[in-house]
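Below: one structure, written as structure tokens.
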Amino acid sequence: MRRKRSSVMTPQEQLALLSGDAIVVETEDQLLEKLKSGRPLRIKYGADPSAPDLHLGHSVPIRKLRRFQDLGHQIIFIIGDFTARIGDPSGRTKTRPMLSPEQIEQNAKTYAEQVDLILDIDKCEIVYNSAWLAPLGSAGLFELASHYTVARMLERDDFSKRLEKETPISLVELLYPLIQAYDSVAIKADVEIGGTDQTFNFLMARDIMRAYDLPPQVVMTWDLLVGTDGREKMSKSVGNYIGIAEPAQEMYGKLMSIPDDAMGQYYRLLLDKTTEEEAELMADIAAGKLHPKGAKSALAKEVVACYHDPQAAEAAAAEFERVFAEGKLPSDIPEVAVPPDKLDAEGRIWIIDLITTAGFASSNGAARRFVRQGAVRLNDEPITDETLAVQVRGGEVLKVGKRRIAKLVVS
RNA sequence: GGAGGGGUGCCCGAGUGGCCAAAGGGAGCAGACUGUAAAUCUGCCGGCUGAUGCCUUCCGAGGUUCGAAUCCUCGCCCCUCCA
């Protein structure tokens, strides 16, 4: 996995390394030209200051940035503080809350800390787009808007779909791509990278840059990582995400829960494999050469090792086998306190009350359902009587479903 | 400015006076099974109630009615077409 330094890598080699797994490169020729210049290229990446908790979906473009950085290019993170302050009334994400400068500052800081897990943040330039968007003023904005037409704007897939489906499109949304494009002008970007959902915006920036007499940026996009459900793109609001700062155990477990079909994409996007390598992996599994579980486990371990270390990954895998394949209790069980006043004179507590007290059910009704469905065990004894009062002295192990386990403590 | 359509549970979406705690799908959860927290199948999926009912829900506020998600009035919000 050792890479040659950029000084000894030819522009052609760099190109192959950088674009081997990209979906869109507009255009390879222009990228090659820029690489041939020998100067460090300015790589633009727009960071969303409203999402400080990074997940593996975010990690994909950041990993690509890392490759550029390793080759000696300059990464520029643009914090969209200007746009965040305006808020985003985009239809599907409800109205994004407006953020105060303090919140943005805080988010940017946590963002940088997490990005640092993947690349060297100290070598990156971090800029706020309010720096050039605020002074732009309405005159500047009008000039900017004069370089594009509504018809071309509506070509964007998202807009045309929403127009068709009769969901609202606010006027500022139409302005967003324009403003984003202007960011490229302001920082004189050579390359902009991101998810395929940004393709339109990135391409439009090329037009806008030309309008401002700048050479157009090269656009590179990668497909969006699907979430653990294997269907929708990974996102916090959908709840199908794996955070890059999550504990190894959690990360491994979530990776094991992705559908088999999603393995290929994870393999390519999270471990920097080429499309060919992805196809090979999937073919081997289909042909029976590779066991799907083994492949998934290997994948999960590698990904976990990126954010923790190989030992932690191995431990997580071993623990997973123990708990889910062998059905044993986890080696490390969190403790849950049962307040003494919940217990009656004989030191007993109603099982339903115990489950909700432990935080395993959001309501008594939910707790009853668990009991009825045979999901509850106390010291490995199945509990099926929802009227039962159980003795609690401390040390008992309460299990509700496969993943909710706690050791009871009276205090 | 004119005309019309619409706001239902986490999401989508039926329901147009009682049979509605509200169809169906998705998500989620549980059980079985397995190769995993995959897939598949089955069940659950507002709250309270140590099981019998009770309570609070269908944008908001009023009203009609024995009875309203369903009808009326006034708000708020969204969409389409014409201008």
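Just so we're clear, the structure is a prediction, and the values are computed from it rather than from any experiment. Sequence lines set the chain letters: A, B, ... in the order given, protein chains first and strands last, and positions in each chain run from 1.
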Pairwise distance CG(A:Leu378) to CD1(A:Ile383) - rounded to 0.5 angstrom: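 Here the rounded value is 4.5 Å.
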[atom1] atoms of [N] and [M], separation to the nearest Å:
{"N": "B:G24", "M": "B:G9", "atom1": "C1'", "result": "14 Å"}
{"N": "B:C48", "M": "B:U73", "atom1": "C1'", "result": "36 Å"}
{"N": "B:A21", "M": "B:C54", "atom1": "P", "result": "11 Å"}
{"N": "B:A27", "M": "B:U40", "atom1": "P", "result": "9 Å"}
{"N": "B:G50", "M": "B:C59", "atom1": "P", "result": "33 Å"}
{"N": "B:U8", "M": "B:A3", "atom1": "C1'", "result": "26 Å"}
{"N": "B:G5", "M": "B:G53", "atom1": "P", "result": "44 Å"}
{"N": "B:U16", "M": "B:U80", "atom1": "C1'", "result": "23 Å"}

When you check the side-chain N and O atoms of [X] and [Y], is any donor under 3.5 Å from an acceptor?
{"X": "A:Tyr252", "Y": "A:Glu246", "value": "no"}
{"X": "A:Asn201", "Y": "A:Gln180", "value": "yes"}
{"X": "A:His55", "Y": "A:Gln114", "value": "no"}
{"X": "A:Arg206", "Y": "A:Gln30", "value": "yes"}
{"X": "A:Glu192", "Y": "A:Gln217", "value": "yes"}

Considering just the side-chain nitrogens and oxygens of [X], establish if one lies under 4.0 Å of OP1 or OP2 belonging to [N].
{"X": "A:Lys402", "N": "B:G31", "answer": "yes"}
{"X": "A:Asn364", "N": "B:G47", "answer": "no"}
{"X": "A:Arg368", "N": "B:G50", "answer": "yes"}
{"X": "A:Ser363", "N": "B:G47", "answer": "yes"}

Candidates B:A37, B:C29, B:G35 - which lies nearest the side chain of A:Lys254: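 Selected nucleotide (nearest to the side chain): B:A37.
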Proximity to the side chain of A:His291 - top-ranked nucleotide from B:A37, B:G35, B:A38: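 From the listed options, B:G35 comes nearest.
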Cationic N near anionic O, under 4.0 Å, A:Asp190 to A:Lys44: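 No, no charged N to carboxylate O under 4.0 Å.
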First encountered from the 5' end of RNA chain B, between A:Lys296 and A:Leu388: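 Here A:Lys296 is the residue nearer the 5' end.
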First encountered from the 5' end of RNA chain B, between A:Ala366 and A:Arg372: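 Its nearest nucleotide lies further toward 5', so the answer is A:Ala366.
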Rounded to whole angstroms, how far apart are [atom1] on [X] and [atom2] on [N]?
{"X": "A:Tyr252", "N": "B:A38", "atom1": "OH", "atom2": "C1'", "result": "13 Å"}
{"X": "A:Lys301", "N": "B:U36", "atom1": "NZ", "atom2": "P", "result": "14 Å"}
{"X": "A:Phe324", "N": "B:A32", "atom1": "CZ", "atom2": "P", "result": "14 Å"}
{"X": "A:Arg322", "N": "B:G35", "atom1": "CZ", "atom2": "C1'", "result": "20 Å"}
{"X": "A:Ile258", "N": "B:G35", "atom1": "CD1", "atom2": "P", "result": "19 Å"}
{"X": "A:Lys399", "N": "B:A37", "atom1": "NZ", "atom2": "C1'", "result": "12 Å"}
{"X": "A:Lys293", "N": "B:A39", "atom1": "NZ", "atom2": "C1'", "result": "15 Å"}
{"X": "A:Met251", "N": "B:U36", "atom1": "CE", "atom2": "C1'", "result": "18 Å"}

Sugar-phosphate, base or nothing in reach of A:Gly253, heavy atoms under 4.0 Å: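 The answer is base, as A:Gly253 lies within the cut-off (heavy atoms under 4.0 Å) of a base atom.
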Sugar-phosphate only, base, or nothing, as touched by A:Pro292 at under 4.0 Å among non-hydrogen atoms: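 Base contact.
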Ignoring hydrogens and angles, does a donor from either the side chain of [X] or the base of [N] sit under 3.5 Å from an acceptor on the other?
{"X": "A:Arg369", "N": "B:A30", "result": "no"}
{"X": "A:Asp385", "N": "B:G50", "result": "no"}
{"X": "A:Gln373", "N": "B:G43", "result": "yes"}

Looking at [N], which nucleotide sits across from it as a Watson-Crick or G-U wobble partner, both distances under 3.5 angstrom, or is there none?
{"N": "B:G60", "answer": "B:C74"}
{"N": "B:G1", "answer": "B:C82"}
{"N": "B:G46", "answer": "B:C55"}
{"N": "B:C41", "answer": "B:G31"}

